[in-house]
Amino acid sequence: PVDRLRSGGIATLDLTENTLLPSLGRFWHARAREREAMDNVIREFDVQPPRREALLGKLSGGNQQKVLLAKWLSLRPNVLILEDPTSGVDPNARTTMFRAMREAAQEGVAILFLSTEPDQLAAMCSRVIVLRNGGIAAELTGSDLDRDVVSQWSYA
């Protein structure tokens, strides 16, 4: 979500608690597996500072967003809905998140990527549907997945 601390995570809980909360059953009485899972998240998503016990609310916005994306991807969903997932994050965090999204899509996760940024839509999507006035204004695929074309339809 765009509002990561109200809708995505709990600022006063640490990284391990925030990331593994939806799947705690898998780690019940398995502290070593829990630590290993979090170490993998921290390494794969380049979370800074690289400490499992760091509070989510103390991290930068980009690191918070990487942790939240890791949380939901760790559940191996069939569908993932992302609302402006890189809003307010630094370019390095954006690159890391885009890599993780592409890998998930290659593994069969359907990603519904909602964004107001034509560059991101053109770069990340295999199909873009532009909504306007409660209806579909355009469906863009192939060579139409270009920043300029997406912008033209989005802001026309």
Side-chain angles (χ1 to χ4, degrees), residues 1-131 136 140-141 145 147 150-151 154-155:
V2 174
D3 188 346
R4 50 189 151 259
L5 291 180
R6 287 189 188 211
S7 303
I10 302 169
T12 57
L13 294 181
D14 68 30
L15 299 185
T16 299
E17 293 164 324
N18 266 285
T19 306
L20 303 181
L21 191 60
S23 58
L24 280 181
R26 291 187 347 211
F27 300 100
W28 188 253
H29 294 295
R31 287 292 211 208
R33 276 196 3 228
E34 180 181 281
R35 284 190 299 274
E36 180 182 349
M38 275 312 300
D39 288 344
N40 286 337
V41 164
I42 288 168
R43 184 178 57 258
E44 289 175 24
F45 284 82
D46 189 30
V47 177
Q48 299 298 322
R51 293 184 13 252
R52 295 183 300 266
E53 59 283 340
L55 297 180
L56 183 68
K58 299 292 183 181
L59 270 60
S60 70
N63 281 293
Q64 290 173 6
Q65 205 69 329
K66 290 188 292 186
V67 168
L68 296 177
L69 180 61
K71 169 173 57 175
W72 297 117
L73 287 175
S74 73
L75 295 175
R76 310 258 191 269
N78 292 322
V79 178
L80 184 63
I81 301 172
L82 303 170
E83 180 187 3
D84 268 331
T86 59
S87 176
V89 304
D90 64 89
N92 290 333
R94 182 175 293 133
T95 299
T96 300
M97 293 173 68
F98 283 171
R99 178 193 44 77
M101 287 181 238
R102 284 188 183 100
E103 288 172 3
Q106 289 173 348
E107 293 172 10
V109 177
I111 299 177
L112 183 59
F113 187 95
L114 307 168
S115 180
T116 55
E117 298 187 36
D119 287 346
Q120 290 185 21
L121 292 168
M124 292 299 297
C125 299
S126 58
R127 179 171 70 157
V128 171
I129 296 176
V130 179
L131 302 175
I136 296 175
L140 308 173
T141 59
L145 285 177
R147 181 186 68 87
V150 174
S151 293
S154 298
Y155 301 110

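The structure presented is a predicted model; accordingly, all values stated were derived computationally and were not measured. For the single chain, residues carry numbers from 1 onward in sequence order.
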Identify the two heavy atoms, one from Pro22 and one from Leu75, that lie closest to each other, and give their separation to 0.1 Å.
-> CB-CD1, 3.8 Å
Have a look at Arg102 and tell me which of Met97, Met124, Glu107 forms a side chain to side chain contact (heavy atoms under 4.5 Å, CB included) with it.
-> Met124
Is there a side-chain contact between Thr86 and Phe98, using heavy atoms and a 4.5 Å cut-off?
-> yes
Does a sphere of radius 6.0 Å around CZ in Arg127 hold more than 12 heavy atoms from other residues, nucleotides or ligands, not counting ones at 6.0 Å or beyond?
-> no
Check: Ser60 side chain, Asn63 main-chain N or O, donor-acceptor pair, under 3.5 Å = yes
Of all heavy-atom pairs linking Val41 and Val47, the shortest is O-CG2, 4.2 Å
Side-chain touch Asn18/Ile10, heavy atoms, less than 4.5 angstrom | yes
Expected output: side-chain Gln65 to main-chain Pro85 donor-acceptor under 3.5 Å = yes
Side chain to side chain, Met101 and Leu69, heavy atoms closer than 4.5 Å | yes
Check: Val130 and Ile136 side chains under 4.5 Å, non-hydrogen atoms = no
So, for Ala93 and Val89, which heavy atoms are closest and what is the spacing to 0.1 Å?
-> CB-CB, 4.1 Å
Donor-acceptor pair, Lys66 side chain versus Asp46 backbone, under 3.5 Å?
-> yes
Lys/Arg N to Asp/Glu carboxylate O, Asp39 vs Arg52, below 4.0 Å = yes
Closest approach of Asp90 to Asn92 (non-hydrogen atoms, all atoms of both residues) = OD1-N, 3.0 Å
Residues Gln64 and Gly57: closest non-hydrogen pair is NE2-O, 3.7 Å
Considering only heavy atoms from C-beta outward, does the side chain of Leu121 approach that of Phe113 to under 4.5 Å?
-> yes
Among all residues two or more places apart in sequence or in another chain, which pass the side chain to side chain contact (heavy atoms under 4.5 Å, CB included) test with Leu145?
-> Val128, Leu140
Is any side-chain heavy atom of Asn78 closer than 4.5 Å to a side-chain heavy atom of Val109?
-> no
